[in-house]
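Worksheet for the structure shown next.
Atoms within a ligand are numbered from 1 in the order they appear, just like the ligands themselves.
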Amino acid sequence: MNSTSHHRVIILGSGPAGLTAAVYTARANLKPLIIHGPLPGGQLTTTTDVENYPGFPDGIMGPDLMQQMEQQAKRFGAETVVDTVTSVELKNRPFTLHSAGKSWSCDALIISTGASPRYLGIPGEKELLGYGVSTCATCDGAFFRNKRIMVVGGGDSACEEANFLTRFGERVFLVHRRDELRASKIMQERTLKNPKIEAVWNSIPVQILGTQTSGVTAVTLKDTKSGATREFPVDAVFVAIGHTPNSSLFKGVLPMDSNGYLTPAPNSTRMPVEGVFACGDVQDHVFRQAVTAAGTGCMAAIEAERWLEAKGL
Ligand code: NAP
């Protein structure tokens, strides 16, 4: 039977944004319900060491950090449910959310569904994720000092990652499937002028070689023009072929930009539907850091709390 439980605040997603929003709303006695899908803890649970989250001088494992955030939120009364919300109704109040077998209603909704990095979907990629394959140079670049690093992609993200990785790598190979970058002119110039970066044009990875013991050892590249393949020795592969914000649930319901990122009011998490707030990577294509996600999660919680109070809810 499909039963509906009511909550003053529902938080969708349990990455750093959602869990920070949960800590704040729980401490404000709002008893938030966090609904999270199949990847509790969000993107950080797919990384290993996190060395740039303040407060952990020796670093912390991504999954541990998220577990601690969840414990912190629960300590103040936040509840969590694992389910996949498949539809939302924001026209009537309270708002309602539905999964395959359950419904919830809420006065305020905090959306922190994050973004998912796009992957190449080739053999070796999933198996070596965290063992030389990464989608975050800021998180994992420092593990590859004086190593040969490959970055895949031709957009601003790939160029940014490649430039950043030259701080660590002996050499950075930017592998792009065409012979012209998609990135902005200024980023292209900066990248192609960098003496540590070598562009590998008209190439796509078709397999990543190595083991969890050896780490990545090489990538099989295919020439997109001739079809020929070759083995390219590298120690790390950073896949930077874009992110997809997890916003499909809100298509036609809430405004988003042409890439699908939700667009809250400037310097705020407020969405145009009163009582709906968006935080974290689902609305941020610029910074995409755990700490910035947590910051906007805090903003969403404070804005939701103030809104509920103003409405007497
Ligand atoms: P993007 O602009 O969509 O670029 C993705 C790149 O990956 C493209 O070069 C694309 O090749 C390539 N690619 C896609 N799928 C691939 C596949 N299966 N195999 C191989 N290559 C593949 O994504 P982005 O670089 O993440 O940027 C997203 C948005 O954020 C953009 O609007 C960008 O300007 C913005 N951004 C801005 C900054 C900044 O201003 N500092 C930094 C990062 C991102 P093709 O070119 O052949 O399509």
Is there a polar contact, in the sense of an N or O pair closer than 3.5 Å, between His243 and ligand 1? no

Does any N or O of ligand 1 fall below 3.5 Å from an N or O anywhere on Arg182, backbone included? yes

Heavy-atom distances under 4.0 Å decide this one: backbone, side chain, both or neither, for Val286 against ligand 1? neither

Determine whether Pro245 and Leu262 make a side-chain contact, defined as any pair of heavy atoms from C-beta on separated by less than 4.5 Å. no

Count the heavy atoms belonging to other residues, nucleotides or ligands that lie under 6.0 Å from CZ of Arg27, then report whether that count exceeds 12. no

For ligand 1, is there an N or O atom under 3.5 Å from any N or O atom of Gly154? yes

Got more than 12 heavy atoms from elsewhere within 6.0 Å of CD, Gln188? yes

Which protein non-hydrogen atom lies closest to atom 38 (C) of ligand 1, naming both residue and atom, and how far is it? Asp156 CB, 3.7 Å

For atom 17 (C) of ligand 1, the closest protein heavy atom turns out to be Arg177 NH1, 3.5 Å

Are the side chains of Val133 and Lys126 in contact, using a 4.5 Å heavy-atom criterion? no

Atom indices of ligand 1, in the order listed, that fall short of 4.0 Å to a heavy atom of Arg178: 45 (P), 46 (O), 47 (O)

Under 4.0 Å, counting heavy atoms only: does His176 come that close to any atom of ligand 1? yes

Between Asp257 and Thr263, do the side chains contain an N or O donor and an N or O acceptor separated by less than 3.5 Å? no

Is there a side-chain contact between Phe238 and Asp140, using heavy atoms and a 4.5 Å cut-off? yes

Could you list which atoms of ligand 1 come closer than 4.0 Å to a heavy atom of Glu160? 39 (C), 41 (N), 42 (C)

Closer than 4.0 Å: a protein non-hydrogen atom to atom 15 (N) of ligand 1: yes

Which ligand 1 atoms are under 4.0 Å away from a heavy-atom of Gly242? 23 (O), 26 (O)

Quick note on ligand 1: atoms under 4.0 Å from a heavy atom of Ile241 include exactly 5 (C), 7 (O), 13 (N), 14 (C), 15 (N), 16 (C), 17 (C), 18 (N), 21 (N), 22 (C)

Which residue supplies the protein heavy atom nearest to atom 29 (C) of ligand 1, what is that atom called, and how far is it? Asn259 ND2, 4.5 Å

Those residues at least two apart in sequence (or on a different chain) that pass ring-ring contact (aromatic ring centres under 6.0 Å, His included) with Phe232 are Phe173

Is there at least one pair of N or O atoms, one from Leu120 and one from ligand 1, spaced under 3.5 Å apart? no

Does any donor atom in the side chain of Asp107 or His6 lie under 3.5 Å from an acceptor atom in the other side chain? yes

State, with a plain yes or no, whether a side-chain heavy atom of Pro16 is found less than 4.5 Å away from one of Leu44. yes

What protein heavy atom lies closest to atom 28 (C) of ligand 1? Include the residue and the distance to one decimal. Arg288 NH2, 4.5 Å

Identify the two heavy atoms, one from Asp281 and one from Gln289, that lie closest to each other, and give their separation to 0.1 Å. OD1-N, 4.5 Å

For Phe144, is the CZ atom crowded, meaning more than 12 foreign heavy atoms sit under 6.0 Å from it? yes

For His285, the atoms of ligand 1 under 4.0 Å from one of its heavy atoms are 30 (O)

Considering heavy atoms of the protein only, find what lies nearest to atom 44 (C) of ligand 1 and give residue, atom and distance to 0.1 Å. Ser157 OG, 3.5 Å

State whether any protein heavy atom lies less than 4.0 Å from atom 33 (C) of ligand 1. yes

